[in-house]
Chemist: 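Have a look at this one before I ask anything.
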Amino acid sequence: MKRAFAPLLLLTLLLTSCGSQAGPEPVTPTEPVTGTVFAMDTVMDFTIYGEETLLAAAESRIHALEAKLSVTEESSEIYAINHNGSGHVSADTADLLDQALALCGQTGGALDLSIYPVVRAWGFTTGDYGVPETEELAELLAHVDYTKIDFDRKQSAVTLPPDMEIDLGSVAKGYTGDQILSLLREAGVTSALLNLGGNVQALGSKPDGSPWRIGVQNPLGDGYIGVLEVTDQAVITSGGYERYFVEDGETYWHIIDPATGAPTHSGLISVTIIGGSGLMCDGLSTALFVMGLEDAAQFWRETGNFEAVFVTEDGQITITEGLTDRFSLADESPFDEVAVLYQE
């Protein structure tokens with residue numbers, strides 16, 4: 001199925017300073033402080049070349065975001081909207097929702113925030129896995145349509161049609177990483193690495209000026225298929241291996257196609273997105289997985305503000321041309337060839 005793609009807008013944060021308004025001097029200690037926190041249903045690790053107090057600040061910020069964005073926590077803003085049908089949200093939730101809805105539109109609906117009831121029906125949010133009845137899926141799909149989410153940005157007000165529920169989980173970790181990096185930059189940190197449950201986001205380079213080396217997980221087993229060199233970018237992967245169940249010999253994974261309500265079988269088994277925005281990379285890793293390689297390549301050529309690594313079911317690694325000097329096969333990689341997508 002072909003999808004229409006709207007131009008992807010790249011939002012650039014311009015940092016300016018002058019005179020007495022300048023922020024703290026950049027600080028790059030020779031040894032990092034490290035920390036681990038469990039939040040958003042995953043383990044998050046931090047390596048920060050800065051003051052140890054920043055670990056507590058980062059953890060506090062993460063828990064504050066989780067409290068607003070959780071789809072299952074009864075005190076969260078998203079839970080309230082889903083159960084009341086409407087509500088006002090905080091600045092954080094409004095900012096995330098605004099960007100996420102834009103990404104839904106830009107991907108032609110391959111990313112859809114209203115898919116949550118369908119994902120729940122498959123058991124991926126509850127752990128009670130099973131294949132839904134055809135009639136149940138049809139009923140749930142009738143209420144999947146992000147364009148019907150009424151979001152008043154000025155009033156920070158959200159209204160949903162009857163029987164619709166939303167979930168920001170497809171972009172929440174990426175947004176959270178962006179917020180933590182912003183916190184660190186404001187504190188004068190110039191070098192840090194965040195791993196939010198597999199969502200890797202780098203601040204600057206290593207203290208010695210060399211790029212961070214990030215492994216791309218092997219979707220067919222243990223180890224890595226390759227290594228990426230990145231500076232000041234996010235590296236976020238979506239793959240069928242992350243969450244799945246097997247029933248009657250059939251494997252069903254958690255990446256659901258909003259057009260069918262079923263696990264996506266687009267020919268891809270792993271999509272890694274590399275770019276300056278964690279939120280964008282998080283959302284696109286899911287959306288491009290749904291699209292499949294051909295449409296994903298078209299989307300990349302039309303937008304051009306990210307790079308990608310695709311792994312197909314037939315055992316092919318394809319990278320975008322901006323990675324030709326930044327991606328290398330890992331020693332343990334089961335692959336021995338890499339194809340390259342070029343701008344036409």
Side-chain angles (χ1 to χ4, degrees), residues 8-11 13 37-42 44 57-107 109 111-120 124-125 143-186 194 196-197 199 201 234 236 258 276-287:
L8 185 65
L9 302 180
L10 176 62
L11 302 180
L13 179 63
V37 59
F38 184 82
M40 298 183 176
D41 201 31
T42 193
M44 302 182 177
E59 181 175 353
S60 176
R61 183 77 172 109
I62 289 169
H63 285 311
L65 286 169
E66 182 179 30
K68 299 173 183 178
L69 303 175
S70 172
V71 74
T72 57
E73 178 57 51
E74 293 185 8
S75 60
S76 81
E77 296 175 3
I78 298 301
Y79 186 96
I81 289 169
N82 284 342
H83 288 77
N84 298 329
S86 63
H88 287 80
V89 296
S90 63
D92 281 325
T93 305
D95 184 31
L96 175 53
L97 185 58
D98 191 32
Q99 295 184 64
L101 285 172
L103 201 56
C104 290
Q106 292 154 6
T107 59
L111 180 72
D112 194 316
L113 305 181
S114 63
I115 194 67
Y116 174 65
V118 176
V119 177
R120 184 176 57 203
F124 289 113
T125 63
H143 306 289
V144 174
D145 185 351
Y146 73 93
T147 66
K148 295 182 180 179
I149 299 171
D150 184 1
F151 176 49
D152 185 333
R153 184 67 175 91
K154 290 184 178 180
Q155 300 296 323
S156 296
V158 184
T159 302
L160 304 179
D163 298 316
M164 177 181 284
E165 295 180 65
I166 61 173
D167 180 15
L168 298 176
S170 57
V171 289
K173 285 195 296 181
Y175 178 79
T176 298
D178 291 339
Q179 295 304 303
I180 300 305
L181 291 188
S182 178
L183 181 155
L184 297 178
R185 288 189 182 99
E186 290 175 2
L194 313 179
L196 280 61
N199 283 25
Q201 292 188 234
I236 297 179
S277 161
L279 183 154
M280 177 191 72
C281 293
D282 209 1
L284 288 185
S285 68
T286 299

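Below, all heavy atoms of this structure are taken into account, side chains as well, without hydrogens, waters or symmetry copies.
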Chemist: Would you say the side chain of M44 lies within less than 4.5 Å of the side chain of F38, judging by non-hydrogen atoms?
Modeler: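 They are not in side-chain contact.
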Chemist: Locate the shortest heavy-atom distance separating S285 from D282; write the atom from each residue and the value.
Modeler: OG-O, 2.8 Å
Chemist: I need the minimum non-hydrogen distance between L168 and A100, along with the two atoms involved.
Modeler: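 Minimum heavy-atom contact is CD2-CB, 4.4 Å.
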Chemist: Between N84 and A80 (side chain of the first, backbone of the second, donor and acceptor by atom type, cut-off under 3.5 Å), is there such a pair?
Modeler: yes
Chemist: Rounded to the nearest 0.5 Å, what's the gap from CD1 on I81 to NE2 on H83? Could you check?
Modeler: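 Here the rounded value is 12.0 Å.
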Chemist: Just how far is it from atom CD1 of I115 to atom CD of E165, taken to the nearest 0.5 Å?
Modeler: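 Reported to 0.5 Å precision, the distance equals 12.0 Å.
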Chemist: Compare all side-chain heavy atoms of Y116 with those of I166 and state whether any distance is below 4.5 angstrom.
Modeler: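 Y116 vs I166: side chains apart.
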Chemist: Just how far is it from atom CZ of R120 to atom OG1 of T125, taken to the nearest 0.5 Å?
Modeler: 6.5 Å
Chemist: Tell me whether the count of non-hydrogen atoms from other residues, nucleotides or ligands lying under 6.0 Å of CG in D150 goes above 12.
Modeler: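 Counting other residues, nucleotides and ligands, CG of D150 exceeds 12 neighbours.
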Chemist: Under the 3.5 angstrom rule, does the side chain of T93 hit a backbone N or O of S90 as a donor-acceptor pair?
Modeler: no
Chemist: Could you tell me whether a side-chain N or O of D112 sits under 3.5 Å from a main-chain N or O of Y146, the two making a donor and an acceptor?
Modeler: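 At least one qualifying donor-acceptor pair exists.
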Chemist: Are L65 and Y175 packed together at the side-chain level, in the sense that at least one heavy-atom pair is separated by less than 4.5 angstrom?
Modeler: yes
Chemist: Counting only N and O atoms by type, is there a donor-acceptor contact under 3.5 Å from the side chain of S70 to the main-chain atoms of A67?
Modeler: no
Chemist: For the residue pair V71 and Y79, establish whether any side-chain heavy-atom pair is separated by less than 4.5 Å.
Modeler: no
Chemist: If I compare all heavy atoms of L160 with all of M164, which pair ends up nearest, and what's the gap?
Modeler: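 Result for this residue pair: CD1-O, 3.5 Å.
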Chemist: Main chain of D178, side chain of S182: is a donor-acceptor contact present, judged purely on distance under 3.5 Å?
Modeler: no
Chemist: If I take atom CG from residue L196 and atom CD1 from residue I180, how far apart are they, to the nearest 0.5 angstrom?
Modeler: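 If I round to the nearest 0.5 Å, the distance is 7.5 Å.
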Chemist: Closest approach of G278 and Q201, non-hydrogen atoms and distance?
Modeler: CA-NE2, 3.7 Å
Chemist: Can you tell whether the side chains of D92 and K68 come within less than 4.0 Å, N to carboxylate O?
Modeler: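 Judged by the 4.0 Å cut-off on N to carboxylate O distance, D92 and K68 do form a salt bridge.
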Chemist: Roughly how far apart are S277 OG and Q99 CD, rounded to 0.5 Å?
Modeler: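 The distance works out to 6.5 Å.
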Chemist: Checking S60 side chain against A57 main chain: does a donor-acceptor pair fall under 3.5 Å?
Modeler: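 Side chain of S60 to backbone of A57, a donor-acceptor pair under 3.5 Å: no, none is there.
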Chemist: Flag the pair D167 / L113 as yes when at least one side-chain heavy-atom distance between them is below 4.5 Å, and no otherwise.
Modeler: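 Contact flag for D167/L113 side chains = no.
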Chemist: So which heavy atom on R61 is nearest to which on Q179, and how close?
Modeler: NH2-OE1, 3.0 Å
Chemist: Just by distance, do the side chain of S86 and the backbone of T159 share a donor-acceptor pair under 3.5 Å?
Modeler: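 Answer holds: no.
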Chemist: Counting C-beta onward and ignoring hydrogens, is there a side-chain heavy-atom pair between L111 and S170 closer than 4.5 Å?
Modeler: yes
Chemist: Hey, are the side chains of L279 and L96 touching, using non-hydrogen atoms and a 4.5 Å cut-off?
Modeler: yes
Chemist: Please find the pair of heavy atoms, one from S114 and one from P117, that lie closest to each other, and give the distance.
Modeler: O-CD, 3.5 Å
Chemist: In Å and rounded to the nearest 0.5 Å, what is the OG to CD distance from S156 to E77?
Modeler: 9.5 Å
Chemist: Taking side chain as C-beta onward, heavy atoms only, is L103 less than 4.5 Å from Q106?
Modeler: yes
